[in-house]
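Note sheet for the following structure.
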Amino acid sequence: MWLLLVAVALSTSAQQKADLIIYNGKIATMAKPGEFKQAIAMQNGLILATGSTQSIFKSYKSKATKLVDAAGKTVIPGLNDSHMHAIREGLNFNMELRWDGVKTLKRAMEMLKEQAARTPEGAWVKVVGGWNEFQFEEKRQPTIDEINAAVPDKPVFITYLYGKAFVNKKGIEVLGYDKNTDYPGSLVELDKDGKPTGLLYAKETPMAIYRTLALTGKLTPEERINSSEHFYREINSFGITSVVDAAGGSQNYDADYQASLALAKAGKLTVRTSYYLFAQQKGKEFADYEKWIGQTYPNKNDHILMANGYAMEGAGENLIATGADFENFLEPRIVLSPDMEADLEPVIRLLVKNRWPFRLHATYGESIDRMLNVFEKVNKDMPFNGLRWFFDHAETITDAELVRVKALGGGIAVQFRMYYQGELYTKMYGQPKTQLPPIKKMLAMGIPVGMGTDAPRISTYNPWMALHWLLTGKTIGGMQFWPKDQVLDKFTALQLYTSGSAWCSGEQDLKGKLIKGMYADMVILSDDYFTATPEKIKQTTSLMTVVNGKIVYAAGKYASQCPPIAEPIPSWSPVKYFGGYQK
Ligand SMILES: [Zn+2]
């Protein structure tokens with residue numbers, strides 16, 4: 001009874017008053033191009049209203065309202081990365097030295113040396129993706145000799161895109177690799193005396209690289225939770241408020257989901273995370289999905305404070321091992337096994353029957369054609385009937401395939417992988433004459449498109465680099481990859497990163513715009529995205545990130561409002577000394 005009375009009292013007196021108002025800003029509602037408001041009021045994690053500062057104060061301000069003066073800065077809906085491996089990265093972030101954003105190879109090597117000096121006996125120094133040679137002034141990769149000279153006494157492991165990894169001499173010794181070390185589909189390079197050179201190459205598969213990575217140490221369960229918290233904080237610092245997690249190789253459900261789950265249950269997960277489940281055992285994929293269908297269900301949310309805060313979405317990005325067309329542009333395209341269709345069909349039937357949304361990794365049009373054949377066959381006697389599904393990547397999807405995707409009600413999650421691989425792609429296939437992936441065509445056809453990074457093993461998670469790509473069609477090294485007339489306008493590019501990605505977790509009516517009733521997820525930006533040059537946009541960061549109506553990150557003049565976070569552990573963590581992205 002008492003609770004009921006309190007509820008009634010709240011609903012009559014305080015319901016329409018805001019708990020947080022951001023005012024005096026340039027607030028892009030993203031409801032339509034060019035619509036900006038001065039102030040925004042929120043309450044209980046939802047947006048109450050936008051309008052002029054005066055009108056919002058008049059209607060929604062009470063003594064208890066927290067006020068944030070945006071001081072003319074631009075405010076946008078929180079960014080949503082629809083293809084990130086965030087849950088897995090949380091398990092590893094604190095162990096990794098990130099070269100993301102490093103401008104010279106010289107500095108990258110100094111960081112490696114500094115980190116090695118503080119790394120204790122038995123631990124590895126690791127750089128796992130997020131860089132390439134074109135970001136460096138020197139325009140080259142380190143050599144294995146340079147790495148050996150820089151770090152002779154601690155094991156070092158560095159991955160380069162999906163195609164190559166460097167292991168220093170000490171690392172080869174610790175691993176015990178020799179001329180007999182064999183990973184099918186990969187190359188452990190040997191010198192003329194039959195000794196491993198320290199270079200590992202992916203050929204048909206990246207097995208040598210990722211099996212080796214798995215041998216380079218793990219964080220403890222306590223460290224994994226702390227590491228996840230730091231990774232989510234890191235992406236909050238760029239204005240990310242949501243991710244649609246694409247799962248990944250060796251990311252087992254539900255063991256490897258526990259660190260993010262612990263944060264969600266403690267109310268400390270600061271990025272709304274929607275996750276898909278990726279079958280791990282070749283040949284037993286159907287059994288994995290059957291098991292998981294009995295264990296969990298779409299939209300199951302485990303966040304104690306937020307709607308859709310940590311929610312299971314469905315199946316993918318890999319559904320079957322034989323469907324993985326490996327995107328290594330150092331090597332020719334992989335032709336999928338003739339078993340692919342027979343493996344895929346029962347899994348799709350199972351998912352459609354149980355109304356589980358799914359996503360499917362596919363880089364090349366040649367793979368997509370065959371997958372669509374399977375979907376169309378299933379759809380004939382088991383209609384998809386509005387079930388949410390989408391392809392991930394789709395760099396070389398054809399016009400005819402887009403028509404078929406549209407007919408089946410599908411969408412596409414695109415990423416800026418070509419920002420990192422454009423030079424290699426061009427070397428292999430020549431410069432594309434149209435946009436790749438063909439985002440403008442997808443949009444013109446009314447296909448839902450989400451934007452993402454596929455971070456962090458190839459590309460960085462910094463969304464502003466990805467927006468730079470959408471706005472210029474250039475690579476990280478500045479090469480014009482698509483023709484200039486194919487670039488997106490600013491509103492469309494940002495819309496892909498907000499409403500577009502929200503579709504990938506079925507939340508397009510809940511987030512992506514700053515309008516009444518949507519989630520109070522937003523960012524005060526360091527620079528005005530709408531007037532800045534693409535070069536300036538690359539350097540954008542968040543001054544304040546709000547998720548569910550709460551400040552989860554703040555910097556610059558708002559820094560005192562940033563919630564505290566525990567120091568990274570272990571104490572030698574590169575994150576403690578360098579952070580992540582080098583701003
Ligand atoms: Zn993928």
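Quick note: numbers below take in every heavy atom, side chains included, and nothing from hydrogens, waters or symmetry partners. When a ligand or atom number is given, it counts from 1 through the structure's own listing order.
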Gap separating the CH2 atom of W464 from the CD1 atom of I240, nearest 0.5 angstrom
9.0 Å
Results of side chain to side chain contact (heavy atoms under 4.5 Å, CB included) for K440 - residues two or more places apart only:
Q435, L488
Y210: what forms a ring-ring contact (aromatic ring centres under 6.0 Å, His included) with it, not counting sequence neighbours?
none
Between D521 and K511, does any side-chain N to carboxylate O distance fall below 4.0 Å?
no
Apply ring-ring contact (aromatic ring centres under 6.0 Å, His included) to F578 and list each qualifying residue two or more places apart in sequence or on a separate chain.
none
H83 side chain to T453 backbone, donor-acceptor under 3.5 Å
no
Closer than 2.8 Å to the Zn ion (ligand 1) - protein N, O or S atoms, ordered by chain and residue number
E317 OE1, H361 ND1, H393 NE2
